[in-house]
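Structure first, then comments.
Proteins get letters first, then strands, A, B, ... in listed order; numbering begins at 1 in each. Everything quoted here is computed from the prediction, not taken from an experiment.
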There are 2 protein chains.
Amino acid sequence: MPNTAQPAITSADKTFYDLRSDIVDGSIGAGSKLSEADLASRYNVSRAVVREAINRLEACRIVDRKPNVGARVVTLTPEGLIELYKVREALEGMAAREAAINMSDDEIADLNALLNTHFETVQGEQRYYQEAGDVDFHYRVIMGSKNQTLISMLTEGIYHLVRMYRVQLGMAGPRVTTAFDEHKHIVQAISNRDPELAEMLMRRHITYSRNNIERKLAQEKQ
Amino acid sequence: MPNTAQPAITSADKTFYDLRSDIVDGSIGAGSKLSEADLASRYNVSRAVVREAINRLEACRIVDRKPNVGARVVTLTPEGLIELYKVREALEGMAAREAAINMSDDEIADLNALLNTHFETVQGEQRYYQEAGDVDFHYRVIMGSKNQTLISMLTEGIYHLVRMYRVQLGMAGPRVTTAFDEHKHIVQAISNRDPELAEMLMRRHITYSRNNIERKLAQEKQ
DNA sequence: CTCTTAATAATTGTCGACAATATAGTGATG
DNA sequence: CATCACTATATTGTCGACAATTATTAAGAG
């Protein structure tokens, strides 16, 4: 029998994923109290299962929990989002560097193909991909680093947080105008097996995003 | 009454800390099965409490859990330790850079004082501090970054993992010969408010540690 | 003797109930 | 009227029991 490798989804897993989705996409707003009893009846599971899910969300820093008081969806400050982007810059810069070293030729070819698909989308519609394409690109670079520690930090931690912050601060997806070119250059550096350049371009790419956010936040303050 | 701000330690917290200590310092070895029932009777708490502790350890990547099978202390490959050091390099490099920007003058003065204390220790005994001093130095730089996301990633995640790996792979503390000078130069860069240099020196410092480890691992293979 | 299969035992996942703690409300008192 | 103390309520923390799944052992066939 071929090893189909069932993940063996447990009820707590599912509740965790569901709850995370509801929070990240804004169905459960910032600062909301997460009552264990309420959630238990909402998701049709026991309180213990909800507790486990909340514990995991706390580990991802998506909720904040106080002993004997309860858990709340984190209230996000603009400064917090900036902090997050700085960490992202350091980690994804490293990911790009390692990807330039460790990605296989096939994987790089796939990445180029992905970018070409995106290019056609850009031609057709005015704007570059909204969100999915951007996530897809970054995701592949991260995986290309082949560093498991780095991969799980980014894909299980930071990314959901970034998405949540963006939704709750009312920011649209990534910048659409210049992002495509930046992606293209990063892929070129990776294709040329130039780790230093890949890192630098990725850092710059994320810095631009951060500046973009800072600008928007500054506008709102007025 | 002055706000003494009790953290309100819960039973699950304590069990988590105890268990983590026992694993990190090697009392519970690599690959050990963590039976919920056993641990419950050992720590005199219910299985639910142990479960919560194990869940948190899983979030820290200290244990590996498979649904319906159980949790084991992670078995650590030398490659895993190298991976960890690379992430550390990226994150602590960033910490040093941000510390050079965000530490207060007083905090920098304290850091210098700490280093002087260490210097006298070096004079007295032959070797530089074993472990505590090294941790203390890095800890202050990390806190100096003032970036909460970064701080919790390093102090709640990576540091315990590094310690565990070192213990289980039978490595002593940090290199004793040259580490002190490296620390001194990093503090100088921070004192001079030179973020770029501080980052570069910290990265190099950690790279040296990694090379040191790689060398030892290569020796063992023979 | 080895491999497959079925029954058994052990462990984890889930649940509802009780205990401990914090919050809200009420009333008394200065 | 404000403040404090106390009570009542609601929520979380902890526990033991049951259900579901996996690992182990035993039995039988080839």
Side-chain angles (χ1 to χ4, degrees), chain A residues 1-20 22-23 28-75, chain B residues 1-20 22-23 28-75:
Chain A
M1 184 174 97
N3 188 357
T4 42
Q6 303 268 11
I9 260 6
T10 168
S11 175
D13 286 328
K14 185 168 161 22
T15 306
F16 167 64
Y17 295 134
D18 290 349
L19 195 50
R20 185 173 64 182
D22 288 347
I23 292 174
I28 301 179
S32 300
K33 176 82 191 294
L34 294 181
S35 161
E36 297 181 358
D38 286 2
L39 294 174
S41 66
R42 165 121 55 110
Y43 291 101
N44 279 82
V45 290
S46 81
R47 249 189 67 212
V49 171
V50 171
R51 260 184 90 79
E52 183 169 331
I54 291 180
N55 274 327
R56 290 206 231 169
L57 290 172
E58 187 190 14
C60 307
R61 295 187 209 75
I62 289 177
V63 310
D64 188 29
R65 159 172 263 170
K66 284 176 190 161
N68 293 311
V69 175
R72 290 184 173 279
V73 177
V74 290
T75 40
Chain B
M1 185 173 96
N3 187 356
T4 42
Q6 301 271 9
I9 258 15
T10 167
S11 175
D13 285 328
K14 185 168 163 20
T15 306
F16 167 64
Y17 295 133
D18 290 348
L19 195 50
R20 185 174 63 182
D22 288 347
I23 293 175
I28 300 178
S32 300
K33 176 81 191 292
L34 294 181
S35 162
E36 297 181 359
D38 286 1
L39 295 173
S41 65
R42 164 120 56 111
Y43 291 100
N44 278 83
V45 289
S46 81
R47 251 190 65 213
V49 170
V50 170
R51 259 183 92 79
E52 183 169 332
I54 290 179
N55 274 327
R56 289 205 232 168
L57 290 171
E58 187 190 15
C60 306
R61 293 186 211 78
I62 287 177
V63 310
D64 189 31
R65 160 173 262 170
K66 284 175 190 162
N68 294 312
V69 175
R72 289 184 173 279
V73 177
V74 290
T75 41

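Residues B/L34 and B/V50 are not in side-chain contact: their nearest non-hydrogen atoms beyond the backbone lie 4.5 Å or more apart.
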Could you pull out all donor-acceptor pairs under 3.5 Å where a side-chain atom in residues 68-75 of chain B meets a protein atom, sequence neighbours excluded?
from  : atom 1 : to    : atom 2 : distance (Å)
B/R72 : NH1    : B/G31 : O      : 2.8

### side-chain hydrogen bond (donor to acceptor under 3.5 Å, both in side chains) between A/Y43 and A/D38, worked out
CA-CA 9 Å; A/Y43 291 101; A/D38 286 2; over 6 Å; no
### Task
Show your working on salt bridge (charged side-chain N to carboxylate O under 4.0 Å, His left out) between B/R65 and B/E36 and close with a plain yes or no.
CA-CA 12 Å; B/R65 160 173 262 170; B/E36 297 181 359; 3.2 Å; yes
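A salt bridge does not link A/R56 with B/E58: none of the charged nitrogens is closer than 4.0 Å to a carboxylate oxygen. With salt bridges taken as basic N to acidic carboxylate O contacts below 4.0 Å, none links B/D18 and B/R42.
Between the CD1 atom of B/I54 and the CD1 atom of B/I62 there is a distance of 12.0 Å, given to the nearest 0.5 Å.
Boundaries of the chain A contact region on DNA chain D are D/dT11 to D/dT14, first to last in 5' to 3' order (nucleotide atom under 4.0 Å from a heavy atom).
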Please enumerate all protein N or O atoms sitting under 3.5 Å from an N or O of nucleotides 10-12 of chain C, with distances to 0.1 Å.
from   : atom 1 : to    : atom 2 : distance (Å)
C/dT12 : OP2    : B/E36 : N      : 3.4
C/dT12 : O3'    : B/N68 : N      : 3.4

